Protein chains: 2
Amino acid sequence: MTKTKKSSNLTLDKQICFSLYSASNAMGRAYRPLLKELDLTYLQYIVMMVLWQHSTMNVKELGSKIHLDSGTLTPLLKRLETKCLINRLRSKEDERVMIISLTVDGRDLQHQAEQVPNEMLCKARMTMEELVALKQGCDLLLANLNNQ
Amino acid sequence: MTKTKKSSNLTLDKQICFSLYSASNAMGRAYRPLLKELDLTYLQYIVMMVLWQHSTMNVKELGSKIHLDSGTLTPLLKRLETKCLINRLRSKEDERVMIISLTVDGRDLQHQAEQVPNEMLCKARMTMEELVALKQGCDLLLANLNNQ
DNA sequence: TCAAGTTAGGTTGTGCGCAACTAAATCGCA
DNA sequence: TGCGATTTAGTTGCGCACAACCTAACTTGA
């Protein structure tokens with residue numbers, strides 16, 4: 001057995017998290033020109049997607065679904081309200097709860113967004129197997145980091 | 001063959017990019033308490049890591065290495081300078097170039113950071129195979145998105 | 001040699017993410 | 001029933017990311 005010098009762990013090319021971080025940034029940049037057509041940011045697009053599925057949600061439910069808190073969501077939801085894509089309304093049963101629902105404009109925007117996922121798939125230039133493996137890796141890491 | 005209704009692509013659970021985005025955010029949250037000990041943000045830690053490897057770099061080289069531009073880096077480098085971790089100095093040969101180098105304090109900080117990668121590995125609770133696969137997927141996506 | 005073009009870094013403004021905090025409504029139990 | 005604890009959203013402040021823009025320094029070629 002040959003003696004080998006142990007090299008530092010503090011090198012950029014070994015950092016899994018830096019790859020994740022850079023890929024996430026690149027993903028955001030790739031979405032930007034597509035979402036500019038809809039006048040949405042990436043996070044706004046995600047929130048709209050949740051509402052296209054569920055129509056009505058309160059801030060807490062929305063936040064737990066997308067792993068963000070009111071500090072991020074409240075200003076974002078106000079911007080979506082300003083664009084007339086959503087309504088914000090206090091619950092009658094519990095005045096603490098803010099109920100978010102789609103406007104007609106917000107619902108209509110879904111049709112314009114229909115092709116966005118396919119356009120992103122083209123940009124990614126990866127096979128379905130590679131993409132599924134990447135998604136599973138991310139979901140596992142997310143679950144592990146959130147449970148401690 | 002049975003006729004099946006094609007469901008929308010616009011559902012959150014199908015979004016590979018959303019998994020990537022959420023995992024990247026969770027990663028940042030997991031680093032925060034570890035890096036608080038060093039009084040660094042995650043991006044500041046990344047920049048310091050590059051400098052621990054290379055000692056001296058200009059803004060353009062640094063930016064191409066970590067895929068960020070001067071709009072992000074200039075304010076960040078000024079904050080690192082304020083903390084006395086780096087020096088910023090104009091090149092004599094080309095006055096446009098800003099040369100970044102480590103101070104003694106900046107160099108010393110490396111010892112304090114030595115355990116951070118291992119602590120993150122513990123938090124991730126994933127096998128080396130899973131982590132390597134995740135890194136390769138991210139690197140492939142990043143390369144594909146950057147080359148178009 | 002000097003004007004046009006290119007390059008490096010900086011500035012400004014917007015929108016996240018998040019911690020730390022606040023206010024108000026509701027809950028639970030003594 | 002009343003009051004302390006909890007829950008829900010909102011606010012404030014900081015540090016990214018990024019687009020769009022700016023300035024000064026350097027390069028190039030007619």
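No experiment lies behind these values; they were computed from the predicted model shown. Just so we're on the same page: letters track the sequence lines, and every chain starts at 1.
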Checklist line | Under-4.0 Å side-chain N/O to phosphate OP1/OP2 contact, A:Asn58 with D:dA9 | finding: yes
Margin query: Students often get this wrong, so: under 4.0 angstrom with heavy atoms, is B:Thr41 touching a base, only sugar-phosphate, or nothing?
Written below: sugar-phosphate
Check: Looking across every strand, which nucleic acid part, if any, lies under 4.0 Å from B:Glu93 by heavy atom: base, sugar-phosphate, or nothing?
Finding: sugar-phosphate
Notebook entry, point to check: What is the ring orientation for A:Phe18 with B:His67, classed by angle as parallel under 30°, tilted 30 to 60°, or perpendicular over 60°?
Noted result: parallel
Margin query: Using a heavy-atom cut-off of 4.0 Å across all strands, would you classify B:Leu73 as base, sugar-phosphate, or nothing?
Written below: nothing
Notebook entry, point to check: Do A:Arg29 and B:Asn146 come within less than 4.5 Å of each other through their side chains, counting heavy atoms only?
Noted result: yes
Notebook entry, point to check: So, is A:Arg88 close to the D:dT8 phosphate, meaning a side-chain N or O under 4.0 Å from OP1 or OP2?
Noted result: no
Note to self: With nearest nucleotide decided by heavy atoms, which residue, B:Gly28 or A:Ser91, maps closer to the 5′ end of DNA chain C?
What the structure shows: B:Gly28
Margin query: Quick check: do A:Ile100 and A:Arg88 have side-chain heavy atoms less than 4.5 Å from each other?
Written below: yes
Note to self: Measuring only between side-chain heavy atoms, which start at C-beta, is A:Gln15 closer than 4.5 Å to B:Pro117?
What the structure shows: yes
Notebook entry, point to check: Would one find a side-chain N or O of A:Arg29 under 4.0 angstrom from OP1 or OP2 of D:dC18?
Noted result: yes
Next item on the list: Specify the residue among A:Gln44 and A:Glu95 whose closest nucleotide of DNA chain C lies further upstream toward the 5′ end.
Entry: A:Gln44
Check: Hey, does the side chain of B:Lys78 come within less than 4.0 Å of C:dT11's phosphate (OP1/OP2), counting only N and O?
Finding: yes
Note to self: So, under a plain 3.5 Å distance rule, would you say the side chain of B:Ser70 forms a donor-acceptor pair with the base of C:dG10?
What the structure shows: yes
Check: Base, sugar-phosphate alone, or nothing: which one does B:Leu68 contact when heavy atoms must sit under 4.0 Å apart?
Finding: sugar-phosphate
Item checked: Phosphate contact (D:dA20 OP1 or OP2) by A:Lys36 side-chain N/O below 4.0 Å -> yes
